[in-house]
Amino acid sequence: MTSEFKLAPSILSADFSDLGQALSQCESGGAPWVHVDVMDNQFVPNLTIGPPVVKSLRPKTTKFLDVHMMVIDPEKLVEPFAKAGADLITFHIEATDNSMEIIDLIKSTGCQVGISIKPSTSLAEIEPYYEFLDLVLVMSVEPGFGGQGYIESSTSRIKAIKTKLKEECLQDRVLIEVDGGIKLHNARKVIDAGADVLVAGSAIFNTPDPVETIKEFYKV
Ligand code: DX5
Ligand code: ZN
């Protein structure tokens, strides 16, 4: 599907006893990416998916596996997720003092690389790394749980990142992904602000017909 944005359904809100079905729904709806939320109960107060789950998902889909690591010591999990079959690995700027080393490590595995930023962290923290990235993941909720409300000040942050990427002629090379509280009713605003990839968990998997909901996202 060619579109002005990519949809990345977050399987955090899917039925964990039947992730195969969640993948089929992404397939049938036409979502190009699948977003995998990795939480360690330290960086965030929740515990979710590790490399073995990604390894099981990999042969069941050709979709782009977008791994969002919300973990401390992210460098320890880069190789395991790369070997498990991740296509892109994102870590949090707040989780490390060695961002450049982690970027290089992720690239060395052949995966694409993203940095994520929490809602209250200054954008100045990530700006020095834009030229080395494939993606910037803007959190529009506090990371840790699905089903929260979109933090409105995220919209101006997305616009500011887009402006900076344009100033550096990086807007075609570095994608902006927005994660948290994305629903059918606010997706258009987020796209217009500059998002290239929308993550949506509860807005897709908590509806009676996730396949239909994915298709609805492409009509906003
Ligand atoms: C939250 C996760 C999100 C989450 C989004 O920490 O990073 O990816 O699944 O869920 P919704 O779309 O329900 O806000
Ligand atoms: Zn996420």
Side-chain angles (χ1 to χ4, degrees), residues 5-16 19 22-23 25-26 29 31-51 53-54 57 63-72 74 77 81 86-95 106 111-121 126 133-155 157-158 175-191 195-208 210 213-214 216-217 220:
F5 71 98
K6 296 179 203 306
L7 188 63
S10 165
I11 56 172
L12 181 64
S13 288
D15 176 356
F16 272 21
L19 289 178
L23 292 182
Q25 289 167 335
C26 293
W33 286 22
V34 174
H35 186 83
V36 180
D37 285 307
V38 175
M39 304 186 188
D40 66 349
N41 193 30
Q42 295 192 72
F43 184 71
V44 290
N46 200 356
L47 184 64
T48 59
I49 291 171
V53 177
V54 171
L57 297 176
K63 299 292 175 189
F64 188 88
L65 288 181
D66 166 29
V67 172
H68 176 194
M69 295 198 298
M70 288 160 273
V71 303
I72 59 164
L77 285 170
F81 276 115
D87 290 299
L88 180 145
I89 299 177
T90 295
F91 67 95
H92 267 267
I93 190 76
E94 302 87 358
I106 294 173
C111 289
Q112 293 186 31
V113 56
I115 287 190
S116 184
I117 183 162
K118 295 207 268 186
S120 52
T121 303
I126 56 172
L133 298 174
D134 297 294
L135 179 139
V136 175
L137 196 173
V138 183
M139 287 307 303
S140 41
V141 297
E142 282 302 326
F145 300 93
Q148 305 179 72
Y150 179 83
I151 297 173
E152 288 301 330
S153 53
S154 308
T155 310
R157 285 163 67 83
I158 299 162
L175 297 176
I176 299 177
E177 180 174 37
V178 182
D179 184 4
I182 303 295
K183 312 279 178 200
L184 285 167
H185 71 80
N186 61 14
R188 172 47 51 194
K189 172 177 68 184
V190 176
I191 296 161
D196 303 291
V197 185
L198 299 186
V199 177
S202 53
I204 291 173
F205 292 109
N206 290 0
T207 59
T213 309
I214 290 170
E216 290 291 323
F217 265 99
V220 299

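One-based numbering, in listed order, for ligands and for the atoms of each.
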N, O or S atoms of the protein lying under 2.8 Å from the Zn ion (ligand 2): His35 NE2, Asp37 OD1, His68 ND1, Asp179 OD2
Step by step, would you call Ser13 with Asn206 a side chain to side chain donor-acceptor pair (under 3.5 Å)? CA-CA 7 Å; Ser13 288; Asn206 290 0; 4.6 Å; no
To check you understand the geometry: which heavy-atom pair defines the closest contact between Ala203 and Phe217, and what is its length? CB-CZ, 4.1 Å
Val36 side chain near Ile11 side chain, heavy-atom distance below 4.5 Å: yes
For the student: nearest non-hydrogen atoms of Leu133 and Gly114, plus distance: CD2-C, 4.4 Å
If you compare all heavy atoms of Asp40 against all heavy atoms of Val44, which two are closest, and at what distance to 0.1 Å? OD1-N, 3.7 Å
With a 3.5 Å cut-off and no angle check, do the side chains of Asp37 and Thr48 form a donor-acceptor pair? no
Rounded to the nearest 0.5 Å, how far does CG of Leu65 lie from CD1 of Ile89? 10.5 Å
Smallest separation among heavy atoms of Thr213 and Ile204, with atom names: CG2-CA, 4.1 Å
When you look for protein heavy atoms under 4.0 Å from ligand 1, which residues do they belong to? Ser10, Leu12, His35, Asp37, Met39, His68, Met70, Met139, Pro143, Gly144, Phe145, Gly146, Gly147, Asp179, Gly180, Gly181, Val199, Ala200, Gly201, Ser202
Per the side chain to side chain donor-acceptor pair (under 3.5 Å) rule, which among Arg157, Glu94, His92 passes with Thr121? Glu94
